[in-house]
Amino acid sequence: MSAPYSPQQLMACVLARAFRDGEVVVMGAVPALPLAACRLAKALHAPSLSYVVGGSGTVNPAPAGLLSQSCDPELRGGPVTLPLHEVVLLEGRGGALDVFCAGGLQIDASGNCNLVGVGDPARPKLRGPGSVGLPFLPAVGRTVIFTLAHNPRTFVERVDFVSGAGDTVALVVTPLATMEPDPGTRRLRLASVHPGVSADEVRARTGFELPVPEPVPETPPPTAAELAVLARLDPAGVLA
Amino acid sequence: MSAPYSPQQLMACVLARAFRDGEVVVMGAVPALPLAACRLAKALHAPSLSYVVGGSGTVNPAPAGLLSQSCDPELRGGPVTLPLHEVVLLEGRGGALDVFCAGGLQIDASGNCNLVGVGDPARPKLRGPGSVGLPFLPAVGRTVIFTLAHNPRTFVERVDFVSGAGDTVALVVTPLATMEPDPGTRRLRLASVHPGVSADEVRARTGFELPVPEPVPETPPPTAAELAVLARLDPAGVLA
Amino acid sequence: MTRFLDPERAVAGLVPAGGVVAVGGMHATAAPMALVRELARQRVGIGRLVTSPSTSIQADLLIGEGLVEELVAPYVGFEDLGLAPRFRRAVEEGTIRLLESDEGGLTHALYAGAGGLPFVPLPPAIGRSDVPRSCPELYREVEDPFTGERCWAIRALRPDVALIACAEADEEGNVAFGRVPFTDRVMALAARALVVQVERLVPVESIAAREAGTTLPAFLVSAVVVAPGGCAPTASPGFYPRDEAALRAYLEEARL
Amino acid sequence: MTRFLDPERAVAGLVPAGGVVAVGGMHATAAPMALVRELARQRVGIGRLVTSPSTSIQADLLIGEGLVEELVAPYVGFEDLGLAPRFRRAVEEGTIRLLESDEGGLTHALYAGAGGLPFVPLPPAIGRSDVPRSCPELYREVEDPFTGERCWAIRALRPDVALIACAEADEEGNVAFGRVPFTDRVMALAARALVVQVERLVPVESIAAREAGTTLPAFLVSAVVVAPGGCAPTASPGFYPRDEAALRAYLEEARL
């Protein structure tokens, strides 16, 4: 029997489990979910994990709650802050940062992310914020993609604009399921469905042809220990 | 009647008079003399002068005495320190720094400076420290050269290696005289002899053909005000 | 010499009409809003607006006023509060010339501007994205003279003026960031003129007590504008948080 | 994860024989002499020694021991105390391969190494000196793809390991410079491994109280070596000045 949990809490757990001890994780805008995941991993199985929060450059901040702004002054809690300029250097260099947490308005079958917009980039139907740091994705060890929007508009066969290439994508986490690249084709395939979700539902809400393993693994639900840590990290219930 | 003064005190005065209010001066290794000149200028006629001391990046330091090390921890006295990395940027950019105080093992008729060595650079008779920041000289507003060695080995027709090009040289100051470029040919010519020095002596101790104006101006000796400030800045008598 | 000016005189005296203007602050933190609002008030046309790697209301407001001809901004948005409505509309309706760019490219382009480097080659990864090939104005291919390989390069950016917000200035015009610098330092070094908006004046000893690399010398600062509260509705670290209600109100109006 | 090691283990474990080794500190300030002396003691051959823009005993000593095959150092000397005797002799006698370089080029080359940039074009001024054309290993001409003009570029430098001296570390391995950084930050970022020699350990709160950009996170620090007095005879800002008598004694012996 497991306690009740929200889709975002499960996603935080799935992300956390993907981080290994001693690794360095970097995250971008709207950091609440990856921030929760990093702190969860550090609390439970990866005490030497390091994480860098977005534009602020703060390393291992431990604010009183989960923050949704990547440059929130409350992020000062970490022992060290790197000027963003130096984070940019390390992102391009390779070898220093192990995991990049990314997302997109569109995510395609090859794991490419698009933050530029929908439609012809020169005259888009929907203009997104822009590519920010995603073009350097292939220089970082591996990419973990998360999105709260699992629908055919987000998961498309081919993005309208490649902000960040999917070359190093290792995991995609949504409120319904997890995906991973097929080692042979590098196309995304279903890795697990979250408890209560069917593979058919995931396929119906994915805009590209999604290979499904047989049998379909179920994502392990949050453990009591994970939920206890999340409750402590997120007193305001940002992920609830 | 003027008070007694040392050659280096006179040189400090000559340098100081070359700095204009509001300018930014940058100096390199062994900064005692240009440091004295900047502080003297700031005290007397250029209250808004700024100066950056060598590798330390300290701006307007006012230590208790004149220091001979460009990275001396005692240089912290200034209100601001720029990381050397940023000083390097500003040197290359142009427009930010007005005067570069330079020198050399060899200085030639075109104002080129050589800090690399004497003889064939591949197998020099004398190896100097190296070119450091001199290659960026032409990017800074103007160059002021100072040297304590006025002799035919230092002042040569053509340097064996161009560490810093003389394109922007405006003034050369030695213990004997001052030189300036001829606006037409850009070759150095005698500008003034220090009190008690003859033009013939300067020519004899200069290794290139040095045009001499007729009549030869005499360098104005230090004023009582200048000497009073120098005495205050240099209690240990580094310039004495 | 640094001048102490009010926002009106600083903008009138130091921001050339039709020029390249850089505006600092990342997301909704440390945006020099007192200066940005003054740009809007005086209706200063901006030939090219250059922002931090991630910008927000400081760009959206100027775009919404129709003052921005060309934009270099790798991210314009409001994070958890949503997309940037006026930026979005301007791009979708084609009323602005957007130069597609990326965080690393922009940062290195400002580094190049600060250092007198004509351009900067970028890490090979950039070629895997569509950014460089969609903006030949900023990105071109170049042959590495050491390896013979082709790589993407970005052109140096040299703003006519940079507007940034710092915590403090002293009476000589030295300033202290008093916060995470983001990329505002390199933006400041790259610009031909620099206007720094501060929360307060402090004695020179207070600036001198700061560590190396956390302050800027007066000789780089064209003008100091003392504007307490001048970052609002964005946050000013150490002084006040972002004003979420004001930002929501802005967004509501901007979406109309 | 950062390891806490004594100089012997740090050098044995992290400095590869024949590798590219960067040594920080400018002139006679903040040289990591405890590590440098250990390199000499273990007689570690250095394939290429990369220094700060101006270096002193930290390079001269290793050169004098015959350990340095190739050298990238824009200035080796002792300022007011004179030339660097062992460096001078090695160059004059041709027993070292000196790659002529300059302060700006070296700094930008480390920036390139830190950022994954293959090379960096330099300001046009550099072409007026003899430095770039005397070292094709480091400097080559390239065509600016935006203007079509030729300019000099420097190759990225990526040391196998950097050795620097900072004031303090905490038990997690975060370090605080506690001094003017010179170019030691970019040297640290460019290196594949980083060994930081510190004067003392402090609580993590002490590092956290420092301003952004004056510290380095543990994840960049391969090893911390606690070596009180370990910069001597060079200065350790905040701890002790340079030991002029010891430097003079070194020079006297080195000149023999």
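The sequence lines fix the lettering, A, B, ..., with proteins before strands; numbering per chain opens at 1.
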(message) For the CZ atom on A:Arg153, are there more than 12 heavy atoms of other groups (residues, nucleotides or ligands in this structure) within a distance under 6.0 Å?
(response) no
(request) Locate the shortest heavy-atom distance separating A:Val88 from C:Gly104; write the atom from each residue and the value. (result) CG1-CA, 3.6 Å
(message) I need the A:Ser131 OG to C:Leu106 CG distance, nearest 0.5 Å.
(response) 12.5 Å
(request) With a 4.5 Å cut-off on heavy-atom pairs, point out which of A:Gly28, A:Gly130, A:Ser68, A:Ala165 contacts chain C the most. (result) A:Ser68
(request) Flag the one option from A:Leu137, A:Val132, A:Val159 with the top tally of heavy-atom pairs under 4.5 Å to chain C. (result) A:Val132
(message) Less than 4.5 Å to any heavy atom of chain C: does that hold for the side chain of A:Glu91, its backbone, both, or neither?
(response) side chain
(request) Indicate yes or no for a side-chain donor-acceptor contact from C:Arg88 to the backbone of A:Gly128 under 3.5 Å, with no hydrogens or angles considered. (result) no
(request) Count the heavy atoms belonging to other residues, nucleotides or ligands that lie under 6.0 Å from CD of C:Glu253, then report whether that count exceeds 12. (result) no
(request) Pick one of side chain, backbone, both or neither for A:Leu126, based on which atoms fall under 4.5 Å of a heavy atom in chain C. (result) both
(request) For C:Arg210, look at atom CZ and say whether over 12 heavy atoms of other residues, nucleotides or ligands are found less than 6.0 Å away. (result) yes
(request) Nearest 0.5 Å please: distance from the CG atom of C:Asp130 over to the CG atom of A:Leu134. (result) 12.0 Å
(request) Check whether C:Leu81 gets within reach of chain A through its side chain, its backbone, both or neither, counting any heavy atom under 4.5 Å. (result) neither
(message) Is C:Thr55 close to chain A through its backbone or its side chain, or both, or neither, when contacts mean heavy atoms under 4.5 Å?
(response) neither
(request) Give the intermediate values and the outcome of side chain to side chain donor-acceptor pair (under 3.5 Å) for residues A:Ser70 and C:Glu79. (result) CA-CA 8 Å; A:Ser70 58; C:Glu79 285 201 276; 3.1 Å; yes
(request) Heavy-atom pairs under 4.5 Å with chain A are the metric here; pick the option from C:Ala235, C:Gly238, C:Gly94 that has the most. (result) C:Gly94
(request) Give, as side chain, backbone, both or neither, the part of A:Val87 having an atom under 4.5 angstrom from any heavy atom of chain C. (result) neither
(request) Hey, could you give me the OG/CZ distance between C:Ser129 and A:Phe136, rounded to the nearest 0.5 Å? (result) 9.5 Å
(message) Taking side chain as everything from C-beta outward and backbone as N, CA, C, O, which of these in C:Leu83 sits under 4.5 Å from a heavy atom of chain A? Side chain, backbone, both or neither.
(response) side chain
(request) Return the option, out of C:His108, C:His27, C:Met26, C:Glu92, with the maximum number of heavy-atom pairs under 4.5 Å with chain A. (result) C:Glu92
(request) For A:Thr81 and C:Val180, indicate whether the former's side chain and the latter's backbone hold a donor-acceptor pair under 3.5 Å. (result) no
(request) Specify which of C:Ala84, C:Pro123, C:Pro124 makes the most heavy-atom pairs with chain A at under 4.5 Å. (result) C:Pro123
(message) So which residue, A:Gln69, A:Lys125, A:His85, A:Glu86, ends up with the most heavy-atom pairs under 4.5 Å with chain C?
(response) A:Gln69
(request) Check each atom of A:Asn112 against the heavy atoms of chain C and say whether the ones under 4.5 Å are side chain, backbone, both or neither. (result) neither
(request) For the residue pair A:Leu84 and C:Glu103, establish whether any side-chain heavy-atom pair is separated by less than 4.5 Å. (result) yes
(request) Look at A:Val30, A:Leu89, A:Val162 and state which one has the largest set of heavy-atom pairs under 4.5 Å with chain C. (result) A:Val162
(message) Looking at every heavy atom in both C:Val131 and A:Pro135, which two are closest together, and how far apart are they?
(response) CG2-CG, 3.9 Å
(request) First locate atom OG of A:Ser56, then atom CZ of C:Arg179, and finally report the distance between them rounded to the nearest 0.5 Å. (result) 12.0 Å
(message) Report which part of C:Pro53 has an atom under 4.5 Å of a heavy atom belonging to chain A: side chain, backbone, both, or neither.
(response) both
(message) Please identify, among C:Asp184, C:Val186, C:Asp80, the residue contributing the most non-hydrogen atom pairs under 4.5 Å to chain A.
(response) C:Asp80
